[in-house]
Number of protein chains: 2
Amino acid sequence: MNTVKPIANTLFTLMQSYRVTIRKAINANELGLNAMHVRCLHIVATTQRCTANDIVNQTQRDKAQIARLIKELITLNLIVKCASEEDKRRFILSFTTQGDVLFSKLLEAEQQVNALMCKNLTPQQIKDFLSVAAMMSENLK
Amino acid sequence: MNTVKPIANTLFTLMQSYRVTIRKAINANELGLNAMHVRCLHIVATTQRCTANDIVNQTQRDKAQIARLIKELITLNLIVKCASEEDKRRFILSFTTQGDVLFSKLLEAEQQVNALMCKNLTPQQIKDFLSVAAMMSENLK
DNA sequence: CGATATAGTTGATTTTATCAACCAACTCGC
DNA sequence: GCGAGTTGGTTGATAAAATCAACTATATCG
């Protein structure tokens with residue numbers, strides 16, 4: 001029986017270590033944040049006038065799940081929603097001051113983990129790595 | 001607000017594409033197999049005299065979850081368990097003929113996806129990619 | 001030999017995700 | 001302008017996945 005170890009195993013191991021390290025760094029357990037919460041925060045941070053629908057589209061997840069995640073983030077006082085002037089059905093999501101603080105902490109943790117990951121690697125190695133990964137991703141579309 | 005895009009995003013996108021492509025290739029939905037089933041199959045295939053406890057240790061998951069996954073794989077007639085002679089508490093897991101067939105199909109699908117991922121990349125690029133990934137993983141330990 | 005540890009099983013519960021239905025607001029063709 | 005169809009978001013119900021807890025049989029060790 002062929003037991004060749006595919007590329008995915010290597011990447012899986014890497015992503016698993018990454019997740020564990022980040023969660024520890026932002027105290028995710030105590031804050032009650034899971035991976036999807038974090039992904040939502042990233043999207044709120046990077047999408048102009050972010051709506052629930054933007055998150056649905058970018059995560060390819062169910063509307064109900066996203067609505068619940070948003071509600072939880074609002075309850076945690078990390079984001080607020082205000083009515084859109086252009087379309088009364090939609091709400092614009094933005095960070096609270098507390099949310100800003102937490103997201104900054106998250107970014108800092110991510111950058112520290114990035115730096116740790118890249119120890120003993122040259123900028124060229126990292127650049128090559130990223131471009132290969134991007135091409136692989138593109139090859140799968 | 002700093003919105004630097006970390007390495008993890010690139011990898012996340014790649015892993016997501018990989019998962020979707022593999023699942024399609026082995027008809028995971030029809031077979032009722034999820035990612036954890038597949039991981040268990042991989043571990044059964046690569047671990048001599050594999051026991052439930054081996055899977056628990058390698059996946060760092062709860063005993064109950066692994067027991068249930070194993071039970072499901074047995075129900076699907078993909079694996080069997082027989083008593084260990086050395087220790088009456090444990091069972092040795094192995095593939096059925098049908099399980100062999102499915103796992104071969106899984107490996108083939110993985111190799112095809114690997115090949116697709118690596119299109120237009122040189123062996124050296126892939127080798128570098130893997131060694132960088134492995135070093136990153138090692139850096140996070 | 002008895003206390004403690006371990007492998008596996010199962011019940012109960014929690015967490016996460018999905019399906020379904022709904023309402024308000026918007027769009028578009030007539 | 002109007003009505004049928006579409007869209008954005010909410011909530012109930014349900015399914016799937018994961019975790020916690022308790023247990024029994026077996027093994028280990030002082």
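Proteins come first, then strands; the chains are lettered A, B, ... in the order of their sequence lines, and each starts at number 1.
Using modelled atom types, one finds no donor on one side chain facing an acceptor on the other under 3.5 Å when comparing Glu110(B) with Asn114(B). A side-chain N or O of Glu86(B) and one of Ser84(B) form a donor-acceptor pair less than 3.5 Å apart.
In this structure, Leu121(A) and Met135(B) have side chains that are in contact, with non-hydrogen atoms separated by less than 4.5 Å. At a threshold of 4.5 Å between non-hydrogen side-chain atoms, the residues Leu78(A) and Phe95(A) do not count as touching. With a 4.5 Å cut-off on side-chain heavy atoms, Ile66(A) and Lys63(A) do not count as touching. Side-chain contact between Leu140(B) and Leu116(A): present, with at least one pair of heavy atoms (C-beta onward) separated by less than 4.5 Å. Contact annotation: the side chain of Val44(B) never approaches that of Asp54(B) to less than 4.5 Å [non-hydrogen atoms, C-beta and beyond].
Here dA17(D) presents its P atom at 11 Å from CG of Leu33(B), a figure rounded to the nearest Å. Following rounding to the nearest Å, Glu72(A) (CD) and dT10(D) (C1') show an atom-to-atom distance of 14 Å.
Nearest-nucleotide positions on DNA chain C for Asn34(A) and Glu86(A) put Asn34(A) closer to the 5' end.
The bend of the helix from dC1(C)-dG30(D) to dC30(C)-dG1(D), defined by the angle between the axes of its first five and last five pairs, stands at 30° to the nearest 10°.
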Could you list all N or O pairs between the protein and nucleotides 7-9 of chain D that sit under 3.5 Å apart?
from   : atom 1 : to       : atom 2 : distance (Å)
dT7(D) : O2     : Arg89(A) : NH1    : 2.5
dG8(D) : OP1    : Asn53(A) : ND2    : 3.2
dG8(D) : OP1    : Arg90(A) : NH2    : 3.3
dG8(D) : OP2    : Asn53(A) : ND2    : 3.0
dG9(D) : OP1    : Phe91(A) : N      : 3.3
dG9(D) : OP2    : Asn53(A) : N      : 2.7
dG9(D) : N7     : Lys63(A) : NZ     : 2.8
dG9(D) : O6     : Lys63(A) : NZ     : 2.9

Using the 3.5 Å cut-off, write out each protein N or O paired with an N or O of nucleotides 19-21 of chain D and the distance between them.
from    : atom 1 : to       : atom 2 : distance (Å)
dT19(D) : OP2    : Gln65(B) : OE1    : 3.3
dT19(D) : O4     : Arg68(B) : NH1    : 2.8

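Within a 6.0 Å sphere centred on CD of Glu85(A), other residues, nucleotides and ligands contribute 12 heavy atoms or fewer.
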Steps toward side chain to side chain contact (heavy atoms under 4.5 Å, CB included) verdict (Leu76(A), Leu33(A)):
CA-CA 10 Å; Leu76(A) 287 169; Leu33(A) 296 179; 3.7 Å; yes
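Ring pair His42(B)/Phe103(B) is perpendicular by interplanar angle, where above 60° counts as perpendicular and below 30° as parallel.
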